[in-house]
Amino acid sequence: MVKVITYGTYDMLHYGHIRLLDRAKALGDYLIVGVTSDDYDKSRGKINNQQSLMERIAAIKETGIADEIIVEEYEGQKIDDIRRLNVDIFTVGSDWAGCFDYLNEFCRVVYLPRTEGVSSSEVRAEKRKLKIGLVGTAVFLTKFIKESKYVNGVEIVGVYAPHPGDGPKVPDLLYTDNYDELRDNVDAFYIISKPEKHYGHTKKALMAGKHVLCESPVAYTKEQCKELYALAAAKNLILMDAIKTAYSTAYERLLLMAKGGKIGKVVSVDAVCTSLRDGISIEGTDLSKKWNSMCGWAPAALLPVFQIFGTDYRNKVFYTKFQNKDENIDAFTKIDFVYPSGVASVKVAKGAKAEGELIIAGTKGYIYVPAPWWKTDYFEVRYENPEENKRFFYQLDGEGIRYEIVAFAKAVESGRNMSYVSEVISEAICDVIDEFNNRKNMIEID
Ligand code: CTP
């Protein structure tokens, strides 16, 4: 029996795929089809698949051409499969000509002519694009625009910039002070205005029937945040809190490990996020245009605390050094939390510098994420006996922003909220900001 193997993503199965599978099968008696896992595709930079692994497998099954379907999960798996499954022929389309010649050592390699005029990318591109308008001019906006280009199916239409002189300008992008005009041309808004305006801008967008991705904090109080989520739900709209760290694969995995008992029972979470780059401590800086340390950093720093311990803490205390109290600009804030079964601390600063690491301590070991942990692709699980330590690496492209945009676009398309930041956490973040703004449980330092 001649065994043939072929691999692919097979997103939105088209006739180019089916022709390939038919010809692959005809090369022998038994066809094995390797379908790439979602994670493997992500690590290869293929983030745009419209269908999940299970859906892609189901579509191939339905053709009845494959005798066996396997999942391709890692680089180098092809050699393992060929050996393990006693494969005689490896085949793929001619778009890969030459790329797999190294497999000749293990079996025969055949490149089949690719079918002209069809590809998953084209099928995906035919779908209507999600048109997004931007509100605000913070520097971060340029990263968002750059990252959106990697996401098939979304288009940035323009930026609502009431004060055109503010912030950096992205060439070839429409900047307008006419909100209504932009609103009429978009399906969704990404809100990156000053934090005190998030609530107003988000509400306005939702009232106009637009989906919203809003930088955290979504509002200045828990009640306002709740109101926005309720409004979105009532209007069947998506509202997502934009914390890019939540979309980093390494971060997701370390969270699962912490919650899954890999380091025993978690007793403390310590997260540090600082940067001096934004210049709040530079003489003459216009502080009215700046985000304070709390709004700039606390949502990211609070994320692991709330995702691990939940939001029902017993007590919290702020220790704050103000840069300018009237403008509500803190140079440095430390927040200590006490939970029934553990403690947590976050340190955020735009006017002070510290090592930006995340440490999750448990009764059996700890998870260490080096700086800058909020854009992490790497972490270590460490134990008393260093021989048991393990290191983990997961590809992270675009600091998580492009995965966040993919999740937003998919949520809008499917009508299901796919945010990695739950509503409860979003509200708890707003609550912390509210208490900070009201100087509740705050000890000021000079
Ligand atoms: N293939 C083909 N003819 C096409 C498209 C794909 O023969 N028109 C083959 C590829 O060469 C590969 C297999 O089908 O052997 C799976 O390809 P895959 O990368 O999943 O499909 P594409 O349509 O090329 O996807 P994309 O546009 O995302 O790259």
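Start at 1 and go down the list; that is how both ligands and their atoms are numbered. What you see is a predicted model, and the numbers here were worked out from it, not measured in a lab.
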Original post:
Should we count NZ of Lys46 as having more than 12 external heavy atoms under 6.0 Å?
Top reply: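 Enclosed: over 12 neighbouring heavy atoms sit under 6.0 Å from NZ of Lys46.
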Min side-chain heavy-atom separation [X]-[Y] under 4.5 Å:
X      : Y      : answer
Cys273 : Val346 : no
Ser268 : Tyr339 : no
Tyr247 : Leu396 : no

Original post:
What heavy-atom pair brings Ala344 and Val305 nearest, and what distance separates the two atoms?
Top reply: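 Ala344 and Val305 have their closest heavy atoms at CB-CG1, 3.6 Å.
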Original post:
Under the 6.0 Å and 45° cation-pi test, does Arg382 pair with Tyr366?
Top reply: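 Not satisfied by the 6.0 Å and 45° rule.
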Original post:
Taking the six-membered ring of Tyr403, is NZ or CZ of Lys42 closer than 6.0 Å to its centre and within 45° of its axis?
Top reply: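 Yes - Lys42 lies over the ring of Tyr403, closer than 6.0 Å to its centre and within 45° of its axis.
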Original post:
N/O of Glu122 under 3.5 Å from N/O of ligand 1, yes or no?
Top reply: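 Min N/O separation from ligand 1 is not below 3.5 Å for Glu122.
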Proximal ligand 1 atoms for [X], defined as those under 4.0 Å from one of its heavy atoms:
X      : answer
Val118 : 4 (C), 5 (C), 8 (N)
Ser120 : 21 (O), 22 (P), 23 (O), 25 (O), 26 (P), 27 (O), 28 (O)
Arg124 : 28 (O)
Thr9   : 20 (O)
His17  : 6 (C), 14 (O), 16 (C), 17 (O), 18 (P), 20 (O), 21 (O), 22 (P), 23 (O)
Gly93  : 11 (O), 15 (O)

Nearest protein heavy-atom contact for [atom]: which residue, which atom, what distance?
atom                    : result
atom 9 (C) of ligand 1  : Leu20 CG, 3.8 Å
atom 1 (N) of ligand 1  : Arg114 NH1, 3.8 Å
atom 27 (O) of ligand 1 : Ser121 OG, 2.5 Å
atom 13 (C) of ligand 1 : Tyr10 CE2, 4.0 Å
atom 10 (C) of ligand 1 : Asp95 OD1, 3.8 Å

Original post:
Is there a donor-acceptor pair closer than 3.5 Å between any side-chain N or O of Lys222 and the backbone N or O of Ala428?
Top reply: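 Checking the backbone N and O of Ala428 against the side chain of Lys222, no donor-acceptor pair under 3.5 Å is found.
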Subject >> Option from His211, Lys131, Lys129, Arg128 for which side-chain hydrogen bond (donor to acceptor under 3.5 Å, both in side chains) with Asp187 holds >> reply: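 Looking at His211, Lys131, Lys129, Arg128, the match for Asp187 under the side-chain hydrogen bond (donor to acceptor under 3.5 Å, both in side chains) is Arg128.
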**OP:** Give the contacting part of His14 toward ligand 1: side chain, backbone, both or neither, where contact means a heavy-atom distance below 4.0 Å.
**Re:**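 Side chain only; the backbone of His14 stays clear of ligand 1.
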Original post:
Lys46 near ligand 1, heavy-atom distance under 4.0 Å?
Top reply: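 A heavy atom of Lys46 does come that close to ligand 1.
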